[in-house]
There are 2 protein chains.
Amino acid sequence: MDVHARRIPDATVARLPEYLRILVELAGQRIDTVSSERLAELAGVNAAKVRKDLSYLGTYGTRGVGYDVDYLLFQMRQALGVTQDWPVVVVGAGNLGRALANYAGFSDRGFPLAAVVDADEAKVGTAVGDVTVRPMSDLAEVVKAHQPVIGVIATPGAVAQLVADQLVAAGVTAILNFAPALVSVPQNISLRKVDLALELQILSFYQSHRDPGTTTRGWP
Amino acid sequence: MDVHARRIPDATVARLPEYLRILVELAGQRIDTVSSERLAELAGVNAAKVRKDLSYLGTYGTRGVGYDVDYLLFQMRQALGVTQDWPVVVVGAGNLGRALANYAGFSDRGFPLAAVVDADEAKVGTAVGDVTVRPMSDLAEVVKAHQPVIGVIATPGAVAQLVADQLVAAGVTAILNFAPALVSVPQNISLRKVDLALELQILSFYQSHRDPGTTTRGWP
DNA sequence: CAGAGCTTGTGCACAAAGTCACAAGGCCGG
DNA sequence: CCGGCCTTGTGACTTTGTGCACAAGCTCTG
């Protein structure tokens, strides 16, 4: 396989996990071949886009036939780097942190929970699903034991930057931030942000601007 | 300026809530004026982009001075349609659903919890934070009582489409889907998707591809 | 009241992403 | 084993988003 793969566009990267999810589903249904058209339908995108996206991974399709589900699945996992599990450390044992820790969707898809840590002494020692909340001081140790680890920030926004710094110091190189705050990290650390209220506000925007005549908002 | 406001680009819409969050913070600190430069720094983007984004809302800045925080805050809320609260109905009282229902970040930012419903008889009647889980059959009633409502899908992927259909039938016009599945809704319904595992996979990709020399992952 | 000093608002050029349309090429039936 | 049928892979083009650079315009000082 050509190792020097073209750089994959960000927009494509963001879609790959979706394709992966669909391929897993198809494989589970014992479907062994899929066309870009079908894949596009399942992913809710354009067929040409699917083909272009997949072509960044290499030439894995067969003209006139489609893509071999198992083979594509393998290549996709390879590309995404999810051939092995990535343990996750959740920082913050509040409502969100506990939910994320319990959320089966993580471990099911290759992201087992390594630990939950919290700065609040009162929370340390309490149970969260299968694990017990550990003190922040255990962070470095946990990270070392499971490297490579993904850090998940589930704290109030005010301490998000502090937590991020501690994660980086502990050796975490990928961080998913759920706190509503901007955090900055060194260049070589991967960082993504998910802000739940922000998503609702985006919905609110489109709802308020959708076809002013039919809005349910402000009924007489 | 022109009342029939130009259509606001999607990329800009996605950034507005972030500006809103920052403006709220600034207002809380009794800061009454902010420059595009400062705002850009706080939002982690380019200053020119901030000015262009804000200019879509109208001409609210003062050259040589900057933007009046309170006034911009008001206009921003207006633009986003968050001048009033948007009640939220969470469907699914599993781990994720319960967490979202308890998550203070929603109600704090104008999205109070109207109800939690679940199809599982065993969960109906149990407490989730301040509310009690209600049966799916109450959905239409809840929606009618709080219109307009945002529906949040926090169920397994397998039933996401079914739930979406029920939400639409009950009169919900905006849906936030946390289930790992594609759901389709009529044109006039706003829909957004958040897939937590998907975010981790994106991180995994960038981690696997970041500067091969420094990867902690064991790549040959 | 003029001029210096900022900061906005925007035209323009460029980059990224998305779409279309079609040639290339594998598969199968006759 | 050849010709028709399919579906991929991709070049060309369109649309959307980004960033620079600078004129416009407000404020304050002398």
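Just so we're on the same page: letters track the sequence lines, and every chain starts at 1. It should be emphasised that the depicted structure is a prediction, and the values quoted were computed from it without experimental measurement.
Heavy atoms only, all atoms of each residue included: Ser190(A) and Gln207(B) are closest at OG-OE1, 2.8 Å. Across all non-hydrogen atoms, the minimal contact from Pro148(A) to Pro87(A) is O-CD, 3.2 Å. Of all non-hydrogen atoms in Ile150(B) and Val172(B), the two that sit nearest each other are C-CG1, 4.3 Å. Nearest heavy atoms, Ser204(B) versus Trp86(A): OG-NE1, 3.1 Å.
In this structure Asn177(A) satisfies the side-chain hydrogen bond (donor to acceptor under 3.5 Å, both in side chains) test with no other residue, sequence neighbours excluded. For Asp53(B), the salt bridge (Lys or Arg N to Asp or Glu O under 4.0 Å) partners at least two apart in sequence or on another chain are Arg15(B). Applying the salt bridge (Lys or Arg N to Asp or Glu O under 4.0 Å) criterion to Glu199(A), with sequence neighbours excluded, gives Arg192(B). Scanning for side-chain hydrogen bond (donor to acceptor under 3.5 Å, both in side chains) contacts around Asp10(B) gives Tyr206(A), with sequence neighbours left out. For Lys193(B), the salt bridge (Lys or Arg N to Asp or Glu O under 4.0 Å) test picks out Glu18(A), with sequence neighbours left out.
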Can you pull every protein N or O that's under 3.5 Å from an N or O on nucleotides 26-29 of chain D?
{"from": "dC26(D)", "atom 1": "O4'", "to": "Arg63(B)", "atom 2": "O", "distance (Å)": "3.4"}

Protein and nucleotides 1-4 of chain D: nitrogen or oxygen contacts under 3.5 angstrom:
none

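Near DNA chain D, defined here as any heavy-atom distance below 4.0 Å, the residues from residues 31-53 of chain A are Ser35(A), Ser36(A), Arg51(A), Lys52(A), listed numerically. DNA chain D lies under 4.0 Å from no heavy atom of any residue of residues 18-26 of chain A.
Sorted by first and then second residue, the pairs that involve residues 100-119 of chain A and meet salt bridge (Lys or Arg N to Asp or Glu O under 4.0 Å), not counting sequence neighbours, are Arg109(A)-Asp195(B). Applying the side-chain hydrogen bond (donor to acceptor under 3.5 Å, both in side chains) rule to pairs touching residues 62-74 of chain A yields Tyr71(A)-Gln75(A), sequence neighbours excluded.
If you take CG of Asp68(A) and P of dC27(C), they are 12 Å apart, rounded to a whole angstrom. The nearest whole Å value for the distance from the OH atom in Tyr60(A) to the C1' atom in dT7(D) is 19 Å. In this structure, the CG atom of Leu54(A) is 13 Å from the C1' atom of dT7(D), given to the nearest Å. For the pair Tyr56(A) OH and dG9(D) P, the interatomic distance rounds to 13 Å; values are reported in whole Å. Rounded to an integer number of Å, the gap from Arg7(A) CZ to dA15(C) P is 13 Å. One atom, CG of Leu57(B), and another, C1' of dT8(C), lie 14 Å apart when rounded to the nearest Å.
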Distance-only criterion, 3.5 Å: show the donor-acceptor pairs between side-chain atoms of residues 36-43 of chain B and protein atoms not counting sequence neighbours.
{"from": "Ser36(B)", "atom 1": "OG", "to": "Arg51(B)", "atom 2": "NH1", "distance (Å)": "3.0"}
{"from": "Arg38(B)", "atom 1": "NH1", "to": "Glu41(B)", "atom 2": "OE2", "distance (Å)": "3.4"}

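Within the structure, a side-chain polar atom (N or O) of Tyr67(B) is placed less than 4.0 Å from OP1 or OP2 of dG9(C).
Nucleic acid contact for Thr12(B): none, since no nucleic acid atom lies under 4.0 Å from a heavy atom of the residue.
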* Asked: Could you go step by step and tell me if Phe111(B) and Asp85(B) meet the side chain to side chain contact (heavy atoms under 4.5 Å, CB included) rule?
  -> CA-CA 6 Å; Phe111(B) 301 94; Asp85(B) 282 355; over 6 Å; no
* Going through the distances and angles, do Phe205(A) and Gln201(A) end up as a side chain to side chain contact (heavy atoms under 4.5 Å, CB included)? -> CA-CA 6 Å; Phe205(A) 173 90; Gln201(A) 290 173 345; over 6 Å; no
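Of the candidate nucleotides dG9(D), dT18(D), dT10(C), dT10(C) has the atom lying nearest to any side-chain atom of Ser55(B).
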